[in-house]
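Below, each value reflects all heavy atoms present in this structure, side chains not excepted, and no hydrogens, waters or symmetry copies. Counting convention: from 1, in listed order, for ligands and their atoms alike.
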Amino acid sequence: MHDVLVIGAGPAGVVAALRAADAGAKTALVTRDEFGGMAANDGPVPVRTLAHAARLVRDARQLGRYGIVVGEASLDYEQLLTRVREVVKDVRAHSSFRSQIESSGVTVCEKAGRTRFLDPHTIETGAGVRFQAQKIIICTGGVSRRLTVPGAELVATHSDAWGLTSVPKSIIVIGAGATGAQVASVFNALGAHIQLFQSGPRILPTEDEEVSAAVAEAFRASGIVVREAFGVIESFEKTPGGVRMWFSKDDQRESAEASLVVVAAGWSAGTEGLGLEAAGVVTNQRGFIQVDEFLRTSAPHIFAAGDVTGRLMLVPQAIQDGFIAASNAVLGPSMTELNQVAPIGSFTDPEYAQVGLTEAKARQTHDVATAVIRFDATTRTIIDGRTIGFCKLVVDRKTREILGCHVVGERAVEIVQVTAVAMAGKMRVDDLARVPLSYPTYAGVLGRVAARITRQLNLATDWQNIRIED
Ligand SMILES: Cc1cc2nc3c(=O)[nH]c(=O)nc-3n(C[C@H](O)[C@H](O)[C@H](O)COP(=O)(O)OP(=O)(O)OC[C@H]3O[C@@H](n4cnc5c(N)ncnc54)[C@H](O)[C@@H]3O)c2cc1C
């Protein structure tokens with residue numbers, strides 16, 4: 001009998017197993033597939049590698065502008081996939097806490113097939129191996145939500161898209177959240193004709209409205225057909241060239257066709273076949289495992305962490321969850337969420353990122369000041385020929401607290417990280433304006449946008465008034 005058994009070796013499960021072992025528990029980690037979970041094998045790592053290739057294609061097009069003469073760039077997609085596989089293997093071997101797990105004394109059962117509960121303390125792997133444990137932590141992640149309309153079996157998910165052996169001539173992407181936008185952007189850069197369908201009124205609906213608008217405009221300018229509020233999907237049918245999607249809006253029926261249709265219309269919990277009923281674990285209305293503030297499920301000795309709980313479905317949150325769940329499982333329920341500041345970003349072209357509240361949300365509860373600096377007016381972006389985008393800061397007028405930061409454009413994700421550090425350190429906007437950030441840099445835009453708000457709030461010192469605005 002183990003003290004702690006962790007199911008699923010994505011970021012949540014690996015950190016949960018490490019933390020449990022560190023805290024002195026005899027721990028086992030059982031996972032269906034490869035070590036590293038979606039993060040290493042099917043999500044950010046392969047996506048980021050493809051996005052890097054897309055960026056190189058784009059950079060290659062800029063070479064002539066800087067006087068560098070080379071032949072026409074062309075894509076060898078098979079070679080690119082070889083590179084993706086190399087990167088995934090390397091990350092799995094050297095990152096994702098592999099070496100710590102190996103030296104931690106955790107029993108690791110990899111490629112074990114689908115695990116299921118036999119009773120509240122016993123699980124059986126797909127290969128028929130049984131484990132018993134006092135405490136169990138479920139970290140089985142999420143899965144792409146499937147459509148249920150006729151012909152839905154003809155469509156692919158993002159996982160199928162990364163596995164293609166050649167770039168399709170055309171792709172319909174359904175769903176313009178983070179995953180759909182990345183699929184659209186990457187394959188657009190690699191030469192596919194993209195139609196991006198979003199049922200709601202704007203793409204990237206959880207971003208600040210100005211971010212959605214700017215990314216939609218940039219997507220359109222790069223040749224992506226963006227269809228917002230397109231209506232309701234009726235069905236899919238096979239055609240000689242690929243798949244046709246039928247959809248309707250206000251009684252008007254329309255169709256669109258492409259070589260491939262990729263659906264990225266949300267997530268559900270990775271709990272199929274897990275036998276939660278045998279363990280007494282209940283799910284919430286959205287089908288994700290219901291947890292309390294200590295990440296305890298309805299069965300008090302069973303915890304859940306990461307995407308399977310359906311909250312912020314990102315690697316840093318999964319890591320944090322894994323740590324909290326394991327601490328509470330071993331030491332008793334006392335630890336709750338560690339840090340509320342959660343920067344989020346996506347590697348589209350242009351990139352976009354956010355931390356904190358959108359302007360609209362902030363206005364519901366605060367008296368707000370905002371400022372925007374456009375990327376066509378900062379030195380580094382002009383030097384690099386990356387002038388699409390902006391940085392927006394949202395601040396509480398009275399307290400000077402930084403409430404949110406929203407960036408579109410080159411290195412948006414990195415810029416927002418800097419703001420997240422400032423927010424976590426409880427810096428006020430005028431504190432941020434006073435930091436002499438390096439020149440000329442992308443993050444330098446933060447000093448400038450902070451200085452602009454500082455002046456709006458009449459807090460500026462003479463020095464801030466003459467600040468070099470970069
Ligand atoms: C295309 C894409 C891009 C993304 N980009 C980013 C990004 O840029 N930044 C970011 O922070 N996040 C990103 N994410 C999200 C990120 O991948 C997830 O939030 C993260 O992987 C969640 O970690 P997890 O440990 O909860 O689950 P997962 O990483 O999904 O791991 C779950 C593990 O459980 C195992 N498992 C499932 N069922 C069973 C079972 N019955 N028995 C045994 N084992 C089982 C699986 O094999 C897997 O190993 C992206 C996701 C996608 C799809």
Around atom 15 (C) of ligand 1, find the nearest protein heavy atom and jot down its residue, atom name and distance. M313 O, 3.5 Å
Indicate, as side chain, backbone, both or neither, the part of V183 found under 4.0 angstrom from ligand 1 when only non-hydrogen atoms are considered. neither
Would you call the rings of Y77 and F187 parallel, tilted or perpendicular, where under 30° means parallel and over 60° means perpendicular? tilted
Atom 1 (C) of ligand 1: of V315, T157, V186, V47, the nearest heavy atom sits on V47
For F117, is the nearest heavy atom under 4.0 Å from an atom of ligand 1? no
Closest approach of any protein heavy atom to atom 35 (C) of ligand 1, naming residue and atom: T31 OG1, 3.5 Å
Between M245 and F236, is there a side-chain heavy-atom distance shorter than 4.5 Å? yes
for atom 6 (C) of ligand 1, nearest protein heavy atom and its distance come out as P44 CG, 3.4 Å
Is it true that F35 lies under 4.0 Å from ligand 1, counting heavy atoms only? no
Of all the non-hydrogen atoms in the protein, which one sits nearest to atom 39 (C) of ligand 1, and at what distance? T140 CG2, 3.5 Å
Would you indicate which of P11, G142, G37 comes nearest to atom 24 (P) of ligand 1 when only heavy atoms are counted? P11
Of all protein heavy atoms, the one nearest atom 51 (C) of ligand 1 is M38 SD, 3.7 Å
Considering only the protein, which heavy-atom contact is closest to atom 2 (C) of ligand 1, and what is its distance? G43 CA, 3.6 Å
Does ligand 1 come near enough to G36 that some N or O of the ligand is less than 3.5 Å from an N or O of the residue? no
Say whether, by atom type as modelled, one donor and one acceptor occur between the side chain of D321 and the main chain of A305 under 3.5 angstrom. no
Answer whether the closest heavy-atom distance between the side chains of V418 and Y442 falls below 4.5 Å. no
Please report which non-hydrogen protein atom sits nearest to atom 44 (N) of ligand 1, along with the residue it belongs to and the distance in Å to one decimal place. R32 N, 2.9 Å
Identify the protein heavy atom lying closest to atom 26 (O) of ligand 1, giving its residue, its atom name and the separation to 0.1 Å. D307 N, 2.9 Å
